[in-house]
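Naming convention: chains lettered A, B, ... in sequence-line order (proteins, then strands); numbering from 1 in each chain. All values below come from the heavy atoms of this structure, side chains included, with hydrogens, waters and symmetry mates left out.
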Amino acid sequence: NAGVTQTPKFRVLKTGQSMTLLCAQDMNHEYMYWYRQDPGMGLRLIHYSVGEGTTAKGEVPDGYNVSRLKKQNFLLGLESAAPSQTSVYFCASSYSTEAFFGQGTRLTVV
Amino acid sequence: DQQVKQNSPSLSVQEGRISILNCDYTNSMFDYFLWYKKYPAEGPTFLISISSIKDKNEDGRFTVFLNKSAKHLSLHIVPSQPGDSAVYFCAARDKAAGNKLTFGGGTRVLVKP
């Protein structure tokens, strides 16, 4: 049982480049989330989904887009990366209360 | 505005003693509160939770207390062990908004042997 898997684990981007982070969960959870973690800021919600085909904005959505075409996958896209998007990104999924997190993606934008 | 705050960025405690972590919130619509533990280079892992209709929940060495009138919760770890050294995040659930969790800034706990 893999739980929540994030791909890739590390990535370095140049300013202006685009990329997609993939999150996959095998627990049949309805809810999925993308967070970013920055020093002293805790985890801030970027976007979330309450089910297949749905997405909603979180606390810090600017510069990101998401898609949930399949229930088990939640994709986070950066269309034109900026140095301010250097962060550790965590995906999570939830059935009700407790959310299960992936191992994170460390992204550096230079 | 931060809806969930952890005012102590770090805590150092001797092995065997009690660790007390605090968390304050502002949104009265939160219905569940959770604590997560995070080691470096890993994702957060769930530790313990409490419903807004309760004032205490215990699981082994971990106890969470909720004071709803003060909008304050705390996590007690007794006795503290070196393996407890990690960053602890307080989180609150908003059931009306996709069950999303709002996190505090975290408290780094160091348990000294």
Assess whether atom [atom1] of [X] is packed by more than 12 heavy atoms of other residues, nucleotides or ligands within 6.0 Å.
X	atom1	answer
A/E79	CD	no
B/R61	CZ	yes
A/Y95	OH	no
A/R44	CZ	yes

Is chain A contacted by the side chain of [X], its backbone, both, or neither, given a heavy-atom distance below 4.5 Å?
X	value
B/P9	neither
B/A41	backbone
B/L101	both
B/K95	neither

Single-linkage hydrophobic cluster [X]~[Y], side-chain heavy atoms < 4.5 angstrom:
X	Y	answer
A/V109	A/I46	yes
B/V78	B/I20	yes
A/F90	A/F74	no
A/V4	A/V66	no
A/F101	A/L22	no

Tell me, do A/Y35 and B/F103 make a side-chain contact under 4.5 Å, heavy atoms counted? yes

Is any side-chain heavy atom of B/F89 closer than 4.5 Å to one of A/Q37? yes

So which of A/V50, A/V88, A/L45, A/T97 has the biggest tally of heavy-atom pairs under 4.5 Å with chain B?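 Max contact count across the listed options: A/T97.
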
How far apart are the closest heavy atoms of [X] and [Y], and which atoms are they?
X	Y	value
B/K100	A/Y33	CA-CE2, 3.6 Å
A/E98	B/Y36	C-OH, 3.9 Å
A/S96	B/N99	O-ND2, 2.8 Å

Toward chain B, the part of A/A99 with a non-hydrogen atom under 4.5 Å: both

Measure A/T54 against the heavy atoms of chain B and call it side chain, backbone, both or neither at under 4.5 Å. neither

What option among B/G105, B/G104, B/G106 has the most heavy-atom pairs under 4.5 Å with chain A? B/G105

